There are 2 protein chains.
Amino acid sequence: MPKTPPGQTRNRVFRFVRDRLLRGDSPSLREVQQHFGFRAVETVRAHLTALVEEGRLVKEPGRARGYRLPKRQPKRLSAPVPDWSSGRLQPVPLLGEVAAGGFEEAIENPEGNLPVEIPDSRDLSDYFALRVRGESMSGAGILPGDTVIVERRGKPVSGQIVVALLEEDATVKRLHLGQHGMELRPENPDFDTLRPPPGSCRILGRVVELRRQIR
Amino acid sequence: MPKTPPGQTRNRVFRFVRDRLLRGDSPSLREVQQHFGFRAVETVRAHLTALVEEGRLVKEPGRARGYRLPKRQPKRLSAPVPDWSSGRLQPVPLLGEVAAGGFEEAIENPEGNLPVEIPDSRDLSDYFALRVRGESMSGAGILPGDTVIVERRGKPVSGQIVVALLEEDATVKRLHLGQHGMELRPENPDFDTLRPPPGSCRILGRVVELRRQIR
DNA sequence: TGGCATACCAGACAAATGTCTGTTATGCTG
DNA sequence: CAGCATAACAGACATTTGTCTGGTATGCCA
């Protein structure tokens, strides 16, 4: 390995390690060494130690494959940008289209997981994902086949888009709370507002993110 | 440790390891041992080996902390499941709302990155993300403030939703190619179809995924 | 009763992985 | 130029982690 300009190799090492960490797989020093063709492990360790000092990585001491991404990325400045990449990246279970009975069972046995960034203050178990069926929320830009990420927690708040478990399965609707009790309003004139009798409906959580794969 | 009924401890071990793996942190045998208070590492290894044989875990041989979750959970059967979690997880640069001049510069200096799963066959540099401005695609469920993930590559195909660079900035539209040349059709009756003269428009790529953060 | 499987323990061993100490070269700067 | 920082190398060493071989106890069942 020839000597390279200052910082150049360091950045390449960082990107390599970061990408591996984003995939949930911390590399060993020797794996990094092999990838770059260094002839000494120590070269890698020097780079990683430097990256830790620069705050670009953190390390859990005394354990193999202990490098991690720092809790918070260096901050962005522009105003109302969606808050991607501020929290921890966590695999949230994708439950599919859950029917009433199968909810707890689906949690235990998800169709898969998808990487979602959640705030530090929340726990992974507060989140799950569902696939949307039906057109009832198409007016809010939520289409059949979309995947919604749901945060379950706290009291339901009027006006939020929620996932409700009623009758036989889960539906996405906008929640309204008034004197007449709970209303689940679709966002599509072809559908009717639901007014479930008290006790017949359970709010699983509120929709915090939407994802759609196209083609 | 007293002897427990068959399968009981095994399940508890599985849940512990699974939760750790879902947090992106593969435990070592001795960490599992400590957590359960076993007095022998081998006890853990026996459980984990059994779990691998049962197909509930997989193991990358010859490496520390090499236990993983199996690629796909036992299938549920419903039809068009989005293909989350099939490829590599990669940080795709988020460029913001790009104007004509600043495109290459924005690639070098993104607002941030967001974790996206891309096919093994593609390169990270084939992807970028943009924030959507304007209502012109709201009929297709693409709203202002949404983030679209764009794959740049290959020939533009008629009917796809694309990002086009024309005049002063980038817009999302549905592409149509016919005898009359290129058409960029909005999905909102309040907007007009664009027919840019040849050469005045560059297709940056096609939209492959949409993300929206709610609240 | 004698297998046989399962749960667990004990300790040695080996492989993977991180740490340390010292060395060579290159460029920058006073 | 001397002094200093950075990039990279070399090899020994320590720790973490996984593997193996054998042993005890318990329950089930033919």
Side-chain angles (χ1 to χ4, degrees), chain A residues 1-70, chain B residues 1-70:
Chain A
M1 270 283 101
K3 183 171 171 173
T4 59
Q8 179 177 306
T9 306
R10 175 103 77 247
N11 280 325
R12 299 210 303 138
V13 168
F14 172 68
R15 283 200 295 273
F16 175 75
V17 173
R18 180 201 57 184
D19 291 357
R20 289 283 302 262
L21 289 174
L22 284 172
R23 291 155 69 184
D25 178 22
S26 185
S28 70
L29 297 192
R30 279 159 182 89
E31 281 170 0
V32 182
Q33 179 194 359
Q34 270 208 336
H35 179 266
F36 287 100
F38 292 129
R39 274 180 280 176
V41 217
E42 183 54 26
T43 302
V44 177
R45 207 175 80 99
H47 281 305
L48 293 193
T49 315
L51 285 168
V52 169
E53 271 163 19
E54 295 168 19
R56 303 217 268 166
L57 290 178
V58 291
K59 172 167 155 37
E60 301 188 27
R63 59 184 288 182
R65 299 169 180 273
Y67 288 91
R68 300 286 182 268
L69 289 174
Chain B
M1 268 284 101
K3 182 171 171 171
T4 59
Q8 178 177 307
T9 307
R10 176 103 78 246
N11 280 325
R12 298 209 305 138
V13 169
F14 172 69
R15 284 200 295 274
F16 175 74
V17 173
R18 181 200 57 187
D19 290 356
R20 288 284 301 264
L21 289 174
L22 285 174
R23 273 158 232 268
D25 179 21
S26 186
S28 69
L29 297 191
R30 279 162 182 87
E31 280 170 1
V32 181
Q33 178 195 358
Q34 269 209 334
H35 180 266
F36 287 99
F38 291 128
R39 274 180 279 176
V41 217
E42 183 55 26
T43 302
V44 178
R45 207 175 80 98
H47 281 306
L48 293 192
T49 314
L51 286 167
V52 168
E53 270 163 20
E54 294 168 18
R56 302 217 268 166
L57 291 177
V58 292
K59 171 166 156 35
E60 301 190 26
R63 61 183 286 183
R65 299 170 181 273
Y67 288 91
R68 301 284 181 270
L69 290 172

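The sequence lines fix the lettering, A, B, ..., with proteins before strands; numbering per chain opens at 1. The structure presented is a predicted model; accordingly, all values stated were derived computationally and were not measured.
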May I ask you to evaluate whether Arg30(B) reaches the phosphate of dT17(D), defined as a side-chain N or O under 4.0 Å from OP1 or OP2? no
Are OP1 or OP2 of dA7(D) and a side-chain N or O of Thr43(A) less than 4.0 angstrom apart? no
Below 4.0 angstrom from OP1 or OP2 of dT17(C), is there any side-chain N or O of Lys59(A)? no
Taking every heavy atom of Val58(A) against every heavy atom of Leu69(A), the minimum-distance pair comes out as CG2-O, 3.8 Å
Roughly, in whole Å, what's the span from CG in Leu29(B) to P in dA16(C)? 15 Å
Rounded off to whole Å, could you give me the CD-to-C1' distance for the Glu60(B) and dT17(C) pair? 15 Å
Contacts of Arg63(A) and Glu42(B) projected onto DNA chain D by closest heavy atom; the upstream (5') one is Arg63(A)
In sequence, state the C-alpha distance, the side-chain angles, and the governing distance for Phe38(B) and Thr9(B), and then conclude on side chain to side chain contact (heavy atoms under 4.5 Å, CB included). CA-CA 11 Å; Phe38(B) 291 128; Thr9(B) 307; 3.7 Å; yes
In Å and rounded to the nearest 0.5 Å, what is the CZ to CD distance from Arg65(A) to Glu60(A)? 14.0 Å
For Arg56(B) versus Pro70(B), what's the shortest heavy-atom pair and its separation? O-CD, 3.3 Å
Below the 4.0 Å mark, does dA7(C) have OP1 or OP2 next to a side-chain nitrogen or oxygen of Arg10(B)? yes
Scan Arg65(B) against the nucleic acid and name what it touches under 4.0 Å (heavy atoms): base, sugar-phosphate only, or nothing. sugar-phosphate
Whole angstrom is fine here: how far is it from CD in Gln34(B) over to P in dT16(D)? 11 Å
Could you check His47(A) against Ala64(B) and say which one's nearest nucleotide on DNA chain D is further toward the 5' end? His47(A)
Distance check needed: dA7(D) P versus Gln33(A) CD, whole Å only. 17 Å
Quickly work out the Tyr67(A) OH to dA16(C) C1' distance and round it to whole Å. 15 Å
Using OP1 and OP2 only, check whether a side-chain N or O of Arg45(B) sits under 4.0 Å from dG18(D). no
Starting at the 5' end of DNA chain C, which residue's closest nucleotide do you reach first, Ala46(B) or Ser28(A)? Ala46(B)
Please state how far atom CZ in Phe38(A) lies from atom P in dT17(C), giving the value in whole angstrom units. 18 Å
To the nearest angstrom, how far is Phe36(A) atom CZ from dC9(D) atom C1'? 17 Å
In terms of the angle between their ring planes, are His35(B) and Phe16(B) parallel, tilted or perpendicular, with boundaries placed at 30° and 60°? parallel
Once you round it to whole Å, what is the distance between C1' of dA7(C) and CG of Asn11(B)? 14 Å
